[in-house]
Amino acid sequence: LGCGTGKYLSVNSQVYNLGCDYCEGLVEIARKKGDEVLVCDNLNLPFRDQCFNAVISIGVIHHFSTKQRRIKAIKEMARILTSGGQIMIYVWAMEQKNRRFEKQDVFVPWNKALCSRRFSESNPSGDKGEFVHTPKGQDVHPAQLVISECSYQNNLQPETDPKHSRDMDHCLPRACCMKISEEENRFYSALGRSFRSWFFSRSLDESALRKQSDKMKHLKHEGVWANSTVPIQHSRHCSLDLGHPGALLNERGLEDDDDVFVESLSLKKPQWSPATDALKDLSLNGEHQSVAPNKGDKASFINGPVEDRDHICGCDKDGAGKSDASKFFKRTSTTDSTDSALDSAVSVGDQTDAVLDTKAFMRYYHVFREGELCSLVEENVPELQILSSCYDHGNWCIIAERRG
Amino acid sequence: MKLLTHNLLSSHVPGLRPGGGFPLRIELGRPSELPPEPLPNYEADEEFLRRLHHVLLEVEVLEGSLQCPDSGRRFPISKGVPNMLLTEDEA
């Protein structure tokens, strides 16, 4: 479940493998590789009860935005397991070796241009949030990075040869592998520094989610976020999606403490009108097309908006505002002044548009504390019995068996 | 989509009778090459097993649809990939 481009579908050729993902684009890539795949919803699986001997969920359920959805996903996977069948679940750990997540519910940016992180690095998965190094030459496909952002490949294949080409025939040829200029380097360094302030301070579960209409009314009239009851404390720079990376990386703001947002709002008032416009563009149906204005012709990007839709629309099921959650990362602060280095970085991005797409997507993660995944299963999924659990390269992992 | 996969699939349209939604009806042009019922002692029948293996694992539906036998809802198959997503209204 959540097979993406089918990275783990060839792990065991002795069994009948079936890959499923919510995203059509990724599934198509897997299909072209020769995998047996289908498109479906982890929360509503189109399978009969008890028809699989084994299920794997690698780096999937941490994308579900509420506890209930995460439980539902696990229960669905348990339902389709035979008695004695086993499931393996990997999720990002809050506890990382080299970095620390400040909160459990975070948005982690993903940018195609930054996709050339070496797979062989043993960085904990959490490091993907900080892109502070020069991309190296690498045969890494952007879609792969979307899937393997969690560095799970290190878990199962520690000796993965970093040069091993994944043979994705529509990979932008060498796009990730070009050397970047000094300016671009500074751009990405700035990007990295700012990421800490991109993380949100409250769980979406805990947020006071008001009625959609109230929110929209507020914002249209006042044009500011100040009156929003959504307790966002971190960063106004939460979205690169609308193509203003320069503005977002106004370095003056980045050194501020994390509570830049609410308190300093009075100073920022004029900046929010573009954001308000952005809001008006938001469909109240929760369509998130504007999140990824990229033409979307590359399969690798389909994962972004599709996934976001899932995460954000999850809030809707709780009876609260879809648009509330969508506002978390739709809001852009388009400051007028921009760092000159960033300007040049942006223009470089324009010139080599296929190579350096400066847009980034925000992906929601609920990172798990030690023991949290076990408790989640023990307390909510009695049909599963945990056989073992461990910490593996920045992930919490469990193997459980269906009882009976 | 291989036929073995089809064997695992069930319609998950809400509100079906218990045990409903299975099997999904495959809609395409070609008739089956297998006998309607397995003959007794089929496990020893090498010829039958070959044909069965062929049909289950070597024949793929590339374009068509799967129809829920209870609700009539059709799930499309495109480029060999079935799309089993329900719309927001349905789920």
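Lettering of chains follows the sequences in order, A, B, ..., and the numbering in each one begins at 1.
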### Task
Measure distances from L24(B) to the heavy atoms of chain A and classify the residue's part below 4.5 Å as side chain, backbone, both or neither.
neither

#### Entry: Part of S11(B) within contact of chain A (heavy atom distance under 4.5 Å)
neither

### L38(A) vs M1(B) side-chain heavy atoms within contact, under 4.5 Å
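Side-chain contact under 4.5 Å: no.
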
### Message
Is any side-chain heavy atom of N7(B) closer than 4.5 Å to one of R48(A)?
### Response
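They are in contact (side-chain heavy atoms under 4.5 Å apart), so the answer is yes.
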
### Summary
What one should report as the nearest heavy-atom pair of E60(B) and E36(A) is OE1-OE1, 3.7 Å

### When C20(A), C40(A), P46(A), C51(A) are compared by non-hydrogen pairs under 4.5 Å with chain B, the top option
P46(A)

### Message
Please rank V27(A), V37(A), L45(A), V39(A) by heavy-atom pairs under 4.5 Å with chain B and give me the top one.
### Response
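Most heavy-atom pairs within the cutoff with chain B belong to V39(A).
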
### Query
Distance from Y16(A) atom OH to L56(B) atom CG, nearest 0.5 Å?
8.5 Å

### Summary
So, the part of I80(A) with a heavy atom under 4.5 Å from chain B: the answer is neither

### Query
Within residues 72-82 of chain B, which positions have a heavy-atom distance to chain A below 4.5 Å?
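Hits under 4.5 Å: K79(B), G80(B), V81(B), P82(B).
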
